[in-house]
There are 2 protein chains.
Amino acid sequence: MASARNESAVTVRDVAQLAGVSPGTVSKALNGQGQLREETRQRVQEAADKLRFRPNQVARSLAEGRTYTVGMLTSDSFGRFTLPLMEGIEDSLGAGKVSTLLCDGRGDPLRERHYLAELLNRRVDGIVVTGRRPDARRSVGQLPIPVVYVLGRSDDPGDLSVTNDDEQGARLAVEHLVAHGRTRLAYVSGPAHHLSTQLRQQGFEAAAAAAGVEVADVLLGRWSEAWGRTAAQMLARRTGGAVDAVFCGSDQIARGLTDGLREAGVRVPVEVSVVGFDNWDVMAEAARPPLTTIDPRLVRLGRESASRLLAAIDGAELGQGVVAQPCELVIRESSVPT
Amino acid sequence: MASARNESAVTVRDVAQLAGVSPGTVSKALNGQGQLREETRQRVQEAADKLRFRPNQVARSLAEGRTYTVGMLTSDSFGRFTLPLMEGIEDSLGAGKVSTLLCDGRGDPLRERHYLAELLNRRVDGIVVTGRRPDARRSVGQLPIPVVYVLGRSDDPGDLSVTNDDEQGARLAVEHLVAHGRTRLAYVSGPAHHLSTQLRQQGFEAAAAAAGVEVADVLLGRWSEAWGRTAAQMLARRTGGAVDAVFCGSDQIARGLTDGLREAGVRVPVEVSVVGFDNWDVMAEAARPPLTTIDPRLVRLGRESASRLLAAIDGAELGQGVVAQPCELVIRESSVPT
DNA sequence: ATGAAAGCGCTAACAA
DNA sequence: TTGTTAGCGCTTTCAT
């Protein structure tokens, strides 16, 4: 029965025969192992090319005890944040000639357990677990292979989590605002129970205190444009100049806020400066004015986590705890009165 | 050398020994093959559980000549459209117990060739190639395994491409508009050279003709909000009532358009109805008013393509040409004057 | 510098 | 109903 598509079943043996050497020699020649005469190596290479030899990676994995594959398990289904993360992960892995097996946990613990088992059965060399917000998620537990959590951190401090530094990002925003002469700052963000909301608030308050500027308001709601617009109305209602800068927990909020302010007759950035978070191009660039924002550098985060995983697979110590990577300030027009 | 993580190297032999049977029997028992006494099957199962046996999928693949893995190759890097597609693909594959190997071609032909070779070396059972727009892409050529193109179609009519029906989607929009009494329709869309722009225009014009309503304007530009706003100004400049409905080629355009119209003093949907395309929640729901739009059913597209691939892997005829799946109308507030 | 042989962990045909 | 025996295609000692 098996596969009826055995047409291209060229094996090391075929190559060996054509090159007039043994299978073992073919393996060495093609993988650059052992001591081979250059002439032999070439002859093998030519034979392989001629036969369009495709080394069976499955057999190789079995023999070598290593699959050159890592699993990527998403906590809560694919989100917008997953994309840049994946890109970075692929960057690192591709360089190491390892492939990515994709598993979408969809926030379902059962589904996740299933996938985890599957990855283990497939003998992946390591696993990266991604979440979509910095909030913590349950550890997948002790596994015989290295695991790294990215963006969403593990609740087990013994695991390694790589994420962006929300506090630092918030500080960056405040310092930028203060540098441009703003002194009465507000913070408008998502749900109070989200870790990212909290961390950014901490950074916001700490930086404001350090700079000696007033925290004029803190408004917590949802991660939506609609909430940004609502917050804008609340802010606009306060008599003139009570707030001259707003740091928003997301670009969506920031966008809603700028729309709301504009419609309330408040000029951005002349009267009020606005800084967002995420550097989500489609929001930040379409906003009027385009948003100055904090970029969590998701691609780099993915790259960093995957390269740590690779190192661990190659025997390095994986490390533990939360590694927070710095965010970056991206300046557009919403924060700089000209 | 090899892997130092051989701790959990429980094999069929270990299970066989514990259960007091032969390795062959373990295989049959665990995979439900052959004729086994129920009692034996149970004993084996218990032994396997006790030893926490993880059947080595690599060895199985080698023996069986099938990897239960398909490759997913993205044409032009991960885009917003890739996410729902992936979700659907995973839906179908997951049910068939097959995993997905992810490869991001990033629009680089060289990179793509490399990945293709890698997938072949890994002996995937099939490949799905995704693009982000319905526009055509180069075929990956004849491969020893089935390949299906999704969203982005192959330029080789001998390949199978699964995509959404843009013309039908446009017709849906027009029919909806006409049903609500609109008679002077405009089409505002992306670049003229994009296949999706063209197909939607064809559907738009055909449906307008069929309904006997006027095509008041066709404005082609870019896929951005900014273009939507610009178009709104152009439309608003025409003296009152020249256009009473606009079908947009994307939700981004539609959103920019509604913003532009509102700011020009044109009321949506009272004076002008607007219908978008994509049903991209973050745009459609945040727009004011929320957008009526055409949903290309991307998740279903992914599901459909993957299930066809699975069938082909199991020996069915793959079929060829472009299979266009119908879009769906999603009604919100931008099109229905109350 | 190269060949021979064993084995990675599983499945599947054939025997018993 | 179960056990035995060959492989699957590659890598890797160990001889030569």
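Numbers restart at 1 for each chain; the letters A, B, ... are given by sequence-line order, proteins then strands.
- Looking at B:Asn31 and B:Arg60, their side chains do bring a donor and an acceptor atom within 3.5 Å of each other.
- Counting only distance, with no hydrogens or angles, the side chain of A:Glu90 and the backbone of B:Asp104 share a donor-acceptor pair below 3.5 Å.
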Protein N or O to nucleotides 6-8 of chain D N or O, pairs below 3.5 Å:
{"from": "D:dC8", "atom 1": "O2", "to": "B:Ala63", "atom 2": "N", "distance (Å)": "3.3"}

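- Of the residues in residues 15-24 of chain A, those with a non-hydrogen atom less than 4.0 angstrom from any atom of DNA chain D are A:Gly24.
- Taking 4.0 angstrom as the limit, A:Arg60 places a side-chain polar atom (N or O) nearer than this to OP1 or OP2 of D:dT11.
- Salt bridge B:Asp91/A:Arg106: present, at least one basic N to carboxylate O contact under 4.0 Å.
- Across every non-hydrogen atom of B:Ala136 and B:Leu195, the tightest pair is N-CD2, 4.4 Å.
- Computed from coordinates, the B:Glu38 CD to D:dT2 P distance equals 11 Å when rounded to whole Å.
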Hey, what are the protein-to-nucleotides 14-16 of chain D N/O distances that come in under 3.5 Å?
none

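- In this structure, CD of B:Glu39 is placed 13 Å from C1' of D:dT2, rounded to the nearest angstrom.
- Across the protein-nucleic acid pair, A:Arg54 atom CZ and D:dC10 atom P stand 12 Å apart, rounded to whole Å.
- Per the geometry, CG belonging to B:Leu36 stands 13 Å off P belonging to C:dA12, to the nearest Å.
- In terms of heavy-atom proximity, A:Pro84 sits nearest to A:Leu298 at CB-CB, 3.7 Å.
- Of all nucleotides listed (C:dG9, C:dC10, D:dT11), D:dT11 comes nearest to the side chain of A:Asn31.
- Taking the ring axis of B:Tyr115 as reference, the NZ or CZ atom of B:Arg111 does not stay both within 45° of it and closer than 6.0 Å to the ring centre.
- Atom CZ of A:Arg37 and atom C1' of C:dT2 are 9 Å apart (whole Å).
- Backbone-only contact: B:Thr11 has heavy atoms under 4.0 Å from sugar-phosphate atoms and none from a base.
- Nucleotide C:dA12 holds its P atom 13 Å from the CG atom of B:Leu30, rounded to whole Å.
- Between the side chains of B:Arg122 and B:Thr69, no donor-acceptor pair of N or O atoms lies under 3.5 Å.
- B:Thr163 places a side-chain N or O within 3.5 Å of a backbone atom of B:Leu151 that can act as its donor or acceptor partner.
- The terminal axes of the helix from C:dA1-D:dT16 to C:dA16-D:dT1, fitted over 5 pairs per end, subtend an angle of 40° to the nearest 10°.
- Under a 3.5 Å cut-off, the side chain of A:Arg137 and the backbone N or O of A:Ser154 do not form any donor-acceptor pair.
- Whole-Å rounding puts the B:Arg122 CZ to D:dG9 C1' distance at 16 Å.
- Contact check on B:Asp155 versus B:Arg138 returns no salt bridge, with no Lys/Arg side-chain nitrogen under 4.0 Å from an Asp/Glu carboxylate oxygen.
- Surrounding CD of B:Glu39 are more than 12 heavy atoms belonging to other residues, nucleotides or ligands, all under 6.0 Å away.
- Residues from residues 40-50 of chain B lying near DNA chain C, meaning a heavy-atom separation below 4.0 Å, are absent.
- With sequence neighbours excluded, the residues satisfying salt bridge (Lys or Arg N to Asp or Glu O under 4.0 Å) with A:Arg308 are A:Glu304.
- For D:dT11, one of the phosphate oxygens OP1 or OP2 lies less than 4.0 angstrom from a side-chain nitrogen or oxygen of A:Ser27.
- One finds no salt bridge joining A:Lys50 and A:Glu46 here, because no Lys/Arg side-chain nitrogen approaches an Asp/Glu carboxylate oxygen to under 4.0 Å.
- Side-chain atoms of B:Ser92 come within 3.5 Å of backbone N or O of B:Arg303 as a donor-acceptor pair.
- The distance from atom CZ of B:Phe53 to atom C1' of C:dG9 is 8 Å, rounded to the nearest whole Å.
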